[in-house]
Student: 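Here you go, one structure.
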Amino acid sequence: MLEKYLPRAEFSSYEDFIANYKLNIPESFNFGFDIVDEWAQREPDKLALVWCDGSGNERSFTFSEISRLSARAANFFSGIGVSKGDVVMCVLRQRFEYWITAVALCKLGAVIIPANMQLTAKDIEYRANAAKIKAVVCCEDSYVISQMEQALPRCPTVTQKIITPGSREGWTCFTSEIAAMPDDFARPRNIKNTDPMLIYFTSGTTGMPKMALHDFTHPLGHIVTAKYWQQVRENKLHLSWSDSGWAKFGWGKIYGQWICGTVVFATDLDRFAPQKMLELLEKYKVTTFCAPPTMYRIMLAEGMDTYDLSSIEHLGNAGEPLSPDVFGHVKGILGLDMSEGFGQSESSVLIANFPWFAPRPGSMGKPAPLYGIDLINSDGNPCDDGEEGTIVIRNTNATGLFKGYYLDDELSAKAFAGGIYNTGDVAWRDHDGYYWFVGRDDDVIKCSGYRIGPFEVESALCEHEAVLECAVTAAPDPKRGQVVKATVVLNKGFAGSDELISELQAHVKKLTAPYKYPRIIEFTDELPKTISGKIKRAQLRRESAGE
């Protein structure tokens, strides 16, 4: 399959990769027809998806089955009035119906908005009205349905409510409806590469969430994500931990993986449970695995070394920077280097550890091809090695990069001002070309004239035996403007005290410049996280500010 889109797939070095990676993009690419249906025609019994939930239920799907079920779903959506360009929100967790629905909407030329399980009625109302959503597809979850039913009376563009797998008064049952539909769906001829396919709502620290718009070529941008960063293997199981409502799902559980012919492993659990995750990795013999660093840390504390994880051949991490201590502990158990990757909802992988060079613990790696990654300083000039700057993309036409913010020309123009896309993420580059994350520009702490990146302080804290995980944020201070605050979860056997606070502060002073130490340390039983495992730093900042 890859040969259709990547005339040359093997490279002798990173330099060869950057210079000679080229995509062959058809005049009209459609992931549903050109990947899913093509695999079904080439290899009807080729495995596409292995799914399980927390209750012992399990199902496997071939590409032929995904092809047939998505055709039925496309016929269903068409029959209820969903057509090209219509926007559909999906709140499906990791139900297998998500893959069927996503492929069906792609075949139809409709626009999918993945949404997560934690949305409130207010969130749903804003999204539905901002994006002019026509239909919602929800899993049978009491919280999700209750929030939807509170919000939708105030959402005049929503005309269809679809539930799966059960039934409910006022809702259409997805499962029963598609069962009665035809097995084939004719390919529309009016879908262009530049048409909208996918919208991610992405939040900043100010204002309402933005709608990052991707077109029909976006899945091809994830070839680099899957093949060269996650290093998926054809016909082997790949697991990326993510709810379907997050961009990480698009990175790790559908697009690049199926283009490369790997088998997606889906774990539809209520929440991340380290023991259950380790049991699944062992039971299903997963070959490639990707998760946020926080989850690796929790699995280590659970006893990763007591499970047989010898089937794993590659480990990836993303969502947050990887601290060197986690890198070292995991390597000590599995004998594998962890490969960090960096990107946004607006992109495919931008910077990562690729096969041609050894990862450096704590580094994001080196730039992916096609994007033209650079660092610029506050004056807009390219940064020297060792100088902190903002990560920018110079090739704004790169396949995989978003096309702007949906229905917001002003915000789109601002995002691409000066002919570049400014990611808002701060990093520095060493003399060998490795990039090192400092923080979101919003996350960088400005204390008494110093700029302090939270990741370095977190890494130092996590090297102390008492610390299981932590988050470093800014707290307002009348004299210094901001000070460093650490919110800390302790390992079993340790208790928070004034003495431990002093010990942790002294520990950080030894490992970093002394001015970076956390002047405030709070202990907590649990850090607030998204379903995908990322720490909600914005929430911690708001709490520190008394909001």
Side-chain angles (χ1 to χ4, degrees), residues 1-29 31 34-35 192-194 197-198 200 212-232 247-248 250-252 254-260 316 318 339-357 363-376 382 389-404 412 415-416 418-425 427 429 433-435 437:
M1 185 71 74
L2 270 178
E3 72 279 358
K4 289 181 63 175
Y5 309 104
L6 199 62
R8 181 181 168 195
E10 302 301 324
F11 303 93
S12 60
S13 65
Y14 173 71
E15 291 72 23
D16 183 25
F17 179 51
I18 291 296
N20 296 305
Y21 181 88
K22 300 290 187 296
L23 279 172
N24 177 26
I25 301 175
E27 186 175 339
S28 178
F29 175 77
F31 181 79
D34 295 320
I35 301 301
K192 304 187 297 294
N193 283 345
T194 54
M197 186 198 85
L198 168 69
Y200 291 123
L213 174 66
H214 293 283
D215 67 15
F216 274 79
T217 67
H218 176 68
L220 294 171
H222 280 301
I223 292 174
V224 171
T225 308
K227 180 171 176 58
Y228 299 103
W229 167 47
Q230 295 172 345
Q231 297 183 41
V232 299
K248 182 74 188 310
W251 279 49
I254 183 168
Y255 297 122
Q257 292 69 34
W258 276 359
I259 294 173
C260 293
S339 294
E340 187 165 342
F342 162 82
Q344 298 183 324
S345 300
E346 288 88 344
S347 71
S348 55
V349 71
L350 298 174
I351 300 170
N353 287 279
F354 295 113
W356 304 278
F357 53 84
S363 167
M364 295 186 289
K366 299 182 181 183
L370 302 182
Y371 278 112
I373 303 292
D374 200 1
L375 293 174
I376 61 171
T390 305
I391 302 169
V392 298
I393 295 171
R394 298 201 176 277
N395 179 14
T396 56
N397 293 317
T399 303
L401 186 64
F402 79 128
K403 302 308 171 185
S412 298
F416 293 104
I420 60 174
Y421 169 60
N422 187 318
T423 67
D425 288 293
R429 182 183 57 243
Y434 288 79
Y435 280 61
F437 188 75

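All residue numbers in this chain count up from 1 along the given sequence. Values below: every heavy atom of this structure, side chains too, minus hydrogens, waters and symmetry copies.
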Student: Say whether, by atom type as modelled, one donor and one acceptor occur between the side chain of Y21 and the main chain of A368 under 3.5 angstrom.
Tutor: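 No: the side chain of Y21 does not pair with the backbone of A368.
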
Student: Check whether Y434 forms a cation-pi arrangement with K366 (NZ or CZ under 6.0 Å from the six-membered ring centre, at most 45° off the ring normal).
Tutor: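 Judged by the rule, K366 and Y434 form a cation-pi pair.
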
Student: Show the nearest heavy-atom pair for residues Y5 and I223, with the distance to one decimal.
Tutor: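 Scanning both residues completely, I find the closest heavy atoms to be CB-CD1, 4.3 Å.
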
Student: For E3, I'd like to know if atom CD has over 12 heavy atoms of other residues, nucleotides or ligands within 6.0 Å.
Tutor: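 More than 12 within 6.0 Å, yes.
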
Student: Between S339 and W229, which heavy-atom pair has the shortest distance, and what is it?
Tutor: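 Reported closest heavy-atom pair: O-NE1, 2.9 Å.
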
Student: Which distance, rounded to the nearest 0.5 Å, do you find between the CZ of F29 and the OG1 of T217?
Tutor: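 So the gap between those two atoms works out to 8.5 Å.
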
Student: Under the 3.5 angstrom rule, does the side chain of S412 hit a backbone N or O of G404 as a donor-acceptor pair?
Tutor: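 Between the backbone of G404 and the side chain of S412 there is no qualifying donor-acceptor contact (under 3.5 Å).
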
Student: For V349, is there any backbone N or O sitting under 3.5 Å from a side-chain donor or acceptor partner on W251?
Tutor: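 No; judged by distance alone, with no hydrogens or angles, the pair does not exist.
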
Student: Is there side-chain contact between V224 and L370, with heavy atoms separated by less than 4.5 Å?
Tutor: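 V224 does not reach L370 side chain to side chain.
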
Student: Are the side chains of D425 and Y435 in touch, meaning some heavy atoms are under 4.5 Å apart?
Tutor: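 D425 vs Y435: side chains apart.
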
Student: What orientation do F402 and Y421 show, parallel under 30°, tilted 30 to 60°, or perpendicular over 60°?
Tutor: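 The rings of F402 and Y421 stand perpendicular, inter-plane angle above 60°.
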
Student: Give me the ring orientation class for F17 and Y14: parallel if the planes are under 30° apart, tilted from 30 to 60°, perpendicular past 60°.
Tutor: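 Plane angle between 30° and 60°, so tilted.
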
Student: Which pair of non-hydrogen atoms, one from S345 and one from A247, has the smallest distance, and what is that distance?
Tutor: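 Scanning both residues, the minimum pair turns out to be OG-CB, 3.6 Å.
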
Student: Which class fits the ring pair F357 and F354: parallel under 30°, tilted 30 to 60°, perpendicular over 60°?
Tutor: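 Ring orientation, 0 to 90° scale: perpendicular.
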
Student: Compare every heavy atom of A427 with every heavy atom of M364, then report the nearest pair and how far apart it is.
Tutor: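 Closest pair (atom of M364, atom of A427, distance): CE-CB, 3.9 Å.
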
Student: State whether the side chain of D374 and the backbone N or O of V392 hold a donor-acceptor pair below 3.5 Å, judged by distance alone.
Tutor: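 Side chain of D374 to backbone of V392: no pair is present.
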
Student: Between N24 (side chain) and K4 (backbone), is there a donor-acceptor pair under 3.5 Å?
Tutor: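 Looks like yes, one N/O pair under 3.5 Å.
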
Student: Without swapping roles, check the side chain of N193 against the backbone of D215 for a donor-acceptor pair under 3.5 Å.
Tutor: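 No, the answer is negative, given that no donor and acceptor are paired below the 3.5 Å cut-off.
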
Student: Give the minimum heavy-atom separation between I393 and Y371, together with the two atoms involved.
Tutor: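 Looking at all heavy atoms of both residues, the closest pair is CG2-O, 3.2 Å.
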
Student: What I'd like to find out is whether the side chain of L375 reaches to under 4.5 Å of the side chain of T390, using heavy atoms alone.
Tutor: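 L375 vs T390: side chains apart.
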
Student: Would you say that H218 contacts K403 through its side chain, given a criterion of any heavy-atom pair below 4.5 Å between the two side chains?
Tutor: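 Heavy-atom side-chain distance check fails, nothing below 4.5 Å.
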
Student: Of all heavy-atom pairs between Q230 and Q257, which one has the smallest distance, and what is that distance?
Tutor: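 Scanning both residues completely, I find the closest heavy atoms to be OE1-NE2, 2.7 Å.
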
Student: Does any non-hydrogen side-chain atom of I35 lie less than 4.5 Å from one of M1?
Tutor: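 When only atoms from C-beta onward are counted, I35 and M1 do touch, with a gap below 4.5 Å.
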
Student: Just wondering, do I391 and I351 contact through their side chains at under 4.5 Å, heavy atoms?
Tutor: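 I351 vs I391: side chains touch.
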
Student: Where do I376 and I420 land on the side-chain contact (heavy atoms from CB on, under 4.5 Å) test, with the steps shown first?
Tutor: CA-CA 11 Å; I376 61 171; I420 60 174; 4.1 Å; yes

Student: Do W356 and Y228 make a side-chain contact, defined as non-hydrogen atoms from C-beta onward lying under 4.5 Å apart?
Tutor: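 The answer is yes; the side chains approach within 4.5 Å.
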
Student: Is there side-chain contact between P355 and F11, with at least one heavy-atom pair below 4.5 Å?
Tutor: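 A side-chain contact is absent here, since even the closest heavy-atom pair is not under 4.5 Å.
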
Student: Is it true that a side-chain atom of R8 and a backbone atom of E10 form a donor plus acceptor pair closer than 3.5 Å?
Tutor: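 Checked: pair present.
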
